[in-house]
Number of protein chains: 2
Amino acid sequence: MNKKKQQTEQTKKKIADAARALFTQKGYKATSIEDIVKATGCSAGNIYYHFKNKEGLFLYLLEEWNTEWDKTWLAKEMLYPTTIDKLYGMAEHLALDQLNHPLTKASDEFFNNSEKAPDVKERMNELVKGYLDFNRQLLQRGIDTNEFEIANISGLAIILDSLMLGLNKHSLRMEREEALEAYRLAMDVFLYGIAKPAR
Amino acid sequence: MNKKKQQTEQTKKKIADAARALFTQKGYKATSIEDIVKATGCSAGNIYYHFKNKEGLFLYLLEEWNTEWDKTWLAKEMLYPTTIDKLYGMAEHLALDQLNHPLTKASDEFFNNSEKAPDVKERMNELVKGYLDFNRQLLQRGIDTNEFEIANISGLAIILDSLMLGLNKHSLRMEREEALEAYRLAMDVFLYGIAKPAR
DNA sequence: TTTAACACTGAACTTTTATTCAGTATTATA
DNA sequence: TATAATACTGAATAAAAGTTCAGTGTTAAA
């Protein structure tokens, strides 16, 4: 019962790796099963043996990416004492992570496609809710530690997510150092703004 | 020679309007000619009579969108005396006019997926550069009028664009008032930040 | 060794897609 | 009125896409 499980894991990973690269490069819709077949060397039927369908394959990649991000962040979070430090740390983490896994381009396309089965929509909504919850918690901690003076936590969770979302797009055209700098600057602005203090 | 020209203009506009809405909502690849046929009520052949092909239709929309944005903003800009006012005005304008920024989503997809002519790519790059130039000019004015104290104008132009870009994505799931509020809040943050002043 | 579960193939099937074109109706021109 | 140009139809075409499934070889269980 070992060699089979091992084989399954191996090909599932092979398919996932190829699909991730292709979705990243070409986008969701423009990546065909045939593309994945060519990239992996295995048959179309085999892909459907391991994944329910194209949508399921993509959602699998998103969720995998998500849990991976959570894991690495959890290991990093301890290093930052204050919430402000955490925000800069998160920005850096995102900047670096998204250079390696820029799946967001395809997921934007995927998300904005209206006609989806309810279970697919459910999984998508859970993903977005996860991001905002994460931000809310972070901001709440900053309030608790008296670092921020904000009332509208939910609103600012969206602002923060928007900032990171948009910045990711631009970072695709940047070098590593340039992207890091941009993310740091974004956090500067998020925390301190650009207007002159004396008003 | 009048009734025909008028008719052509009318149906061309009808097709463009429907296509714009669909591309915005569903993205480039996911919008089919059949979708546009259903939305307009005219035939597929008619679309190809007025536009060279799907790509040509999309490029037409991009160009039209660009000139339209410049025109409307130029008319509005006078109303806002300070640069800070201009920024809030721009945010409101973006929040309300949902035909502007949402198209960037489709154009990103279009730009990234298209393995097509380099002159098309060049035109898309010019568009992005145009936004950042616009932001840079706005920020420069704010510095000239002593409203801001920023050094890294180019960096902040990207931050501002990122904020608007990301916020637009969230605003698709919002009601009108909710979206307006979010854009206002975004500008608050951009200008004043969220950290406590006394530090 | 026999049986059953599993991993996989690849061609066939069904939809969907962009695009074309022969033909029709309407309008302008001579 | 006759002719040419224009605006449009809608069915046909052909390529590409996602998905399925009967069948094949391999591994685990009895």
Side-chain angles (χ1 to χ4, degrees), chain A residues 1-20 22-23 25-62 106 109-110 112-117 119-120 123, chain B residues 1-20 22-23 25-61 106 109-110 113-117 120:
Chain A
M1 184 70 98
N2 208 0
K3 201 166 182 182
K4 291 224 162 173
K5 222 165 199 171
Q6 198 179 329
Q7 183 65 15
T8 282
E9 245 174 70
Q10 188 184 315
T11 56
K12 197 167 180 180
K13 186 180 185 312
K14 188 168 68 179
I15 293 168
D17 286 343
R20 195 185 306 110
L22 283 164
F23 283 137
Q25 193 190 358
K26 310 182 66 176
Y28 176 73
K29 194 101 187 188
T31 297
S32 65
I33 302 296
E34 183 62 24
D35 287 336
I36 302 171
V37 165
K38 274 177 189 161
T40 55
C42 69
S43 68
N46 201 11
I47 293 169
Y48 281 86
Y49 178 77
H50 289 286
F51 300 93
K52 194 193 166 197
N53 51 25
K54 194 183 173 186
E55 271 183 346
L57 170 55
F58 191 77
L59 283 169
Y60 172 84
L61 291 175
L62 280 185
E109 183 197 341
F110 186 79
N112 283 307
N113 250 349
S114 46
E115 285 155 29
K116 300 263 183 223
D119 62 314
V120 174
R123 282 169 83 179
Chain B
M1 183 69 98
N2 209 0
K3 201 166 182 180
K4 290 225 161 171
K5 221 165 200 172
Q6 199 179 329
Q7 182 66 15
T8 282
E9 244 174 70
Q10 189 184 315
T11 57
K12 198 167 180 182
K13 187 182 185 309
K14 189 168 69 178
I15 293 167
D17 287 342
R20 194 186 307 112
L22 284 164
F23 282 137
Q25 193 191 359
K26 310 181 69 177
Y28 176 73
K29 192 108 187 186
T31 298
S32 65
I33 301 296
E34 183 61 23
D35 286 335
I36 303 171
V37 165
K38 274 178 190 161
T40 54
C42 69
S43 68
N46 201 12
I47 293 169
Y48 281 85
Y49 178 76
H50 289 286
F51 300 94
K52 193 192 166 199
N53 52 24
K54 194 182 171 186
E55 217 182 25
L57 170 55
F58 191 77
L59 283 169
Y60 172 85
L61 291 176
E109 182 199 343
F110 181 78
N113 292 348
S114 159
E115 296 151 14
K116 286 263 172 176
V120 174

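Naming convention: chains lettered A, B, ... in sequence-line order (proteins, then strands); numbering from 1 in each chain.
Rounded to an integer number of Å, the gap from CD of B/Q6 to P of D/dA7 is 12 Å. What separates NZ of A/K52 from C1' of D/dT20 is a distance of 14 Å, to the nearest Å. Rounded to whole Å, the distance from CG on A/L22 to P on D/dA17 is 12 Å. With rounding to whole Å, A/I47 atom CD1 is found 10 Å from D/dG18 atom P. C/dT19 atom P lies 10 Å from atom CG of B/L57, rounded to whole Å. The CD atom of A/E34 sits 13 Å away from the C1' atom of C/dT9 (whole-angstrom rounding). Spacing between atom CG of A/N46 and atom C1' of C/dG10 amounts to 11 Å, rounded to whole angstrom units. Atom NZ in A/K54 sits about 8 Å away from atom P in D/dA17, given to the nearest Å.
To the nearest 0.5 Å, atoms OH (A/Y48) and NZ (A/K54) are separated by 8.0 Å. Rounded to the nearest 0.5 Å, atoms CZ (A/R20) and OG1 (A/T31) are 13.0 Å apart. To the nearest 0.5 Å, atoms CD (B/E9) and NE2 (B/H50) are separated by 11.0 Å.
Of the candidates C/dT17, C/dA7, D/dA7, the closest approach to any side-chain atom of B/S32 belongs to C/dT17. If you check D/dC8, C/dT9, D/dT20 against the side chain of B/Y49, the one that comes closest is D/dC8. Looking at the side chain of A/I33, the nearest of the listed nucleotides D/dG18, C/dT9, C/dA7 is D/dG18. Of the candidates D/dT20, D/dT9, C/dA18, D/dT9 carries the atom nearest the B/S43 side chain, counting heavy atoms from C-beta on.
Using modelled atom types, one side-chain atom of B/S32 and one backbone atom of B/D35 make a donor-acceptor pair closer than 3.5 Å.
OP1 or OP2 of C/dA7 sits under 4.0 Å from a side-chain N or O of A/T8. For A/N53, no side-chain nitrogen or oxygen approaches OP1 or OP2 of D/dG18 to under 4.0 Å. In this structure, B/Y48 reaches the C/dT19 phosphate: one of its side-chain N or O atoms is under 4.0 Å from OP1 or OP2. At D/dC8, one or more side-chain N or O atoms of B/Q7 fall inside 4.0 Å of OP1 or OP2 (strictly under the cut-off).
You'll find a donor-acceptor pair under 3.5 Å spanning the side chain of B/K4 and the base of C/dT26, going by distance alone.
Relative ring orientation between B/F58 and B/Y28 is described as perpendicular, the plane-to-plane angle rising above 60° on a 0-90° scale split at 30° and 60°.
The side-chain hydrogen bond (donor to acceptor under 3.5 Å, both in side chains) check on B/T8 picks up nothing, with sequence neighbours excluded.
For A/D35 and B/H50, each mapped to the nucleotide of DNA chain D holding its nearest heavy atom, the one lying further toward the 5' end belongs to B/H50.
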Which donor-acceptor pairs under 3.5 Å do the side chains of residues 38-45 of chain B make with protein atoms, sequence neighbours left out?
{"unit_1": "B/T40", "atom_1": "OG1", "unit_2": "B/I36", "atom_2": "O", "d": "2.7"}
{"unit_1": "B/T40", "atom_1": "OG1", "unit_2": "B/V37", "atom_2": "O", "d": "3.4"}
{"unit_1": "B/T40", "atom_1": "OG1", "unit_2": "B/C42", "atom_2": "N", "d": "3.3"}
{"unit_1": "B/S43", "atom_1": "OG", "unit_2": "B/N46", "atom_2": "N", "d": "3.2"}

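Taking 4.5 Å as the limit, every side-chain heavy atom of B/K52 sits out of range of all side-chain heavy atoms of B/Y60.
Within residues 9-18 of chain B, the residues that place at least one heavy atom under 4.0 Å from DNA chain D are, in residue-number order, B/T11.
Within the 4.0 angstrom heavy-atom criterion, no nucleotide atom of any strand lies near A/T40.
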